[in-house]
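The first residue of the sequence shown is numbered 1, and numbering continues consecutively from there. For clarity, every value in this text was computed on a predicted model and none was experimentally measured.
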Amino acid sequence: MTPYARRGVHGQTVELLARRILGGEIPEGSTLDLVALQSELDVSLTALRESLKVLAAKGMVDARQRRGTFVRSRAEWNLLDADVLRWQFEGAGTAETDRTLLRNLAEVRTIIEPAAVRLAAERRTDADLVALDGALEAMGEHGSDAAHAVEADLAFHRALLAATHNELLERMEMVIESGLAHRDRIVHSSPHGEDPVPAHRAVLDAVRDRDPSAAEAAMRALLDQAGRDLDRVGNPEDTEGAGPQ
């Protein structure tokens with residue numbers, strides 16, 4: 001069950017409307033018929049309006065006099081919002097949108113993580129190393145368990161961002177995690193899984209040694225491998241596989 005869906009009727013309505021908008025069922029620019037939606041979803045007008053307020057805060061809908069409540073253009077959506085990202089990666093978007101998001105995520109990671117890991121190498125504490133070691137150990141232990149492998153990978157990258165001791169960089173986990181989790185689930189489903197631990201260990205070793213240049217190089221190598229891994233999963237003729245990156 002998704003986070004909003006756990007919040008009862010209100011949360012379920014938010015999820016349903018968001019997925020319809022992201023999937024194009026309710027297209028950009030269209031005006032919502034609140035009376036029809038209220039009847040279809042069997043919710044009170046108050047619950048429906050409260051749900052729309054959530055989507056309005058995320059830039060997805062707006063309300064104007066004489067026009068009513070309408071879906072805003074995608075350019076106005078808060079695409080960095082954790083819920084919006086999650087909804088898209090959990091299947092609310094189209095296949096083309098999914099590919100575009102993964103491509104955009106890879107570019108964002110290439111910009112952020114090599115620079116972040118340099119800071120992590122300079123600023124890491126013993127506590128940061130404990131968190132990174134634990135995540136790497138879990139990655140090795142749960143290599144055959146997709147769900148645990150994904151969580152271990154997320155924990156590793158989350159700990160790297162935390163090791164920068166930069167509050168804004170730490171918050172980037174909200175952008176990276178939704179897409180990374182989706183990517184990991186795709187890649188880890190490949191029957192030709194490559195052990196992801198060595199690439200991550202190289203990053204951790206450089207951070208442990210307080211070597212920013214080596215840490216950046218190791219992270220770029222890890223991200224390059226991540227890109228190749230995803231390409232392989234999309235090519236059924238390629239028998240080489242991948243693991244979470």
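The number of heavy atoms from other shown groups lying within 6.0 Å of CZ (R49) does not exceed 12.
No side-chain heavy atom of V197 sits less than 4.5 Å from a side-chain heavy atom of F156. Contact of the Q12 side chain with the V43 side chain is not registered, since no non-hydrogen atoms from C-beta on lie closer than 4.5 Å. Counting only heavy atoms from C-beta outward, the side chains of L79 and Q88 approach each other to under 4.5 Å. The shortest side-chain heavy-atom distance between L223 and P114 falls under the 4.5 Å cut-off. Residues V61 and I21 form a side-chain contact, since some pair of their non-hydrogen atoms from C-beta on lies under 4.5 Å apart. With contacts defined as side-chain heavy-atom distances shorter than 4.5 Å, the pair R109/L222 qualifies. Q225 is listed as a side-chain neighbour of R228, based on a closest heavy-atom distance under 4.5 Å. The shortest side-chain heavy-atom distance between V175 and I112 does not fall under the 4.5 Å cut-off.
One finds the CD1 atom of I26 at 5.5 Å from the CZ atom of R20 (value rounded to the nearest 0.5 Å). One distance of note links CG of D42 with OG1 of T13; it measures 10.0 Å at 0.5 Å rounding. L80 contributes atom CG, which lies 14.5 Å from atom CZ of R171 (distance to the nearest 0.5 angstrom). Taking CZ of R158 as the start and CG of L132 as the end, the distance is 11.5 Å to the nearest 0.5 Å. The CD atom of E113 sits 4.5 Å away from the CE atom of M219 when rounded to the nearest 0.5 Å. The distance from atom CG of D83 to atom CE of M60, rounded to the nearest 0.5 Å, is 10.0 Å.
In this structure, the side chain of S51 engages the main chain of H10 through a donor-acceptor pair within 3.5 Å. Put simply, the side chain of T110 gets close to the backbone of A106: a donor and an acceptor are under 3.5 Å apart.
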Test side chain to side chain contact (heavy atoms under 4.5 Å, CB included) on L154 and I176 and set out the steps. CA-CA 9 Å; L154 293 176; I176 292 174; over 6 Å; no
Trace of the side chain to side chain contact (heavy atoms under 4.5 Å, CB included) decision for L22 with R19: CA-CA 5 Å; L22 287 163; R19 293 176 184 279; 5.8 Å; no
Checking E28 against R74 for the salt bridge (charged side-chain N to carboxylate O under 4.0 Å, His left out) test, could you report, in this order, the C-alpha distance in whole Å, the side-chain angles of both residues, the deciding distance, and whether it holds? CA-CA 7 Å; E28 299 171 41; R74 182 181 175 84; over 6 Å; no
Go through the steps for L52 and L32 under the test side chain to side chain contact (heavy atoms under 4.5 Å, CB included), then give the verdict. CA-CA 10 Å; L52 290 170; L32 302 179; 3.7 Å; yes
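In the hydrophobic cluster analysis, where Ile, Leu, Val, Met, Phe, Trp and Tyr join through side-chain heavy atoms closer than 4.5 angstrom, L48 is grouped apart from F70. In terms of hydrophobic clustering, with Ile, Leu, Val, Met, Phe, Trp and Tyr side chains grouped at heavy-atom distances under 4.5 Å, L105 and W87 are assigned to different clusters.
Residue pairs meeting the salt bridge (Lys or Arg N to Asp or Glu O under 4.0 Å) criterion with at least one member in residues 206-218, sequence neighbours excluded: R118-E216, D133-R208, E216-R220.
Closest heavy-atom contact between A121 and A215: CB-CB, 4.2 Å.
We find that E107 and R103 are not joined by a salt bridge, their nearest charged nitrogen and carboxylate oxygen being 4.0 Å or further apart.
R64 pairs by the side-chain hydrogen bond (donor to acceptor under 3.5 Å, both in side chains) definition with D62, not counting sequence neighbours.
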Show me the donor-acceptor pairs, under 3.5 Å and distance only, between side chains in residues 160-167 and residues at least two apart or in other chains.
residue, atom, partner, partner atom, Å
T164, OG1, L161, O, 2.6
T164, OG1, N166, N, 3.3
H165, NE2, D128, OD2, 2.7
N166, OD1, L168, N, 2.9
N166, OD1, L169, N, 3.0

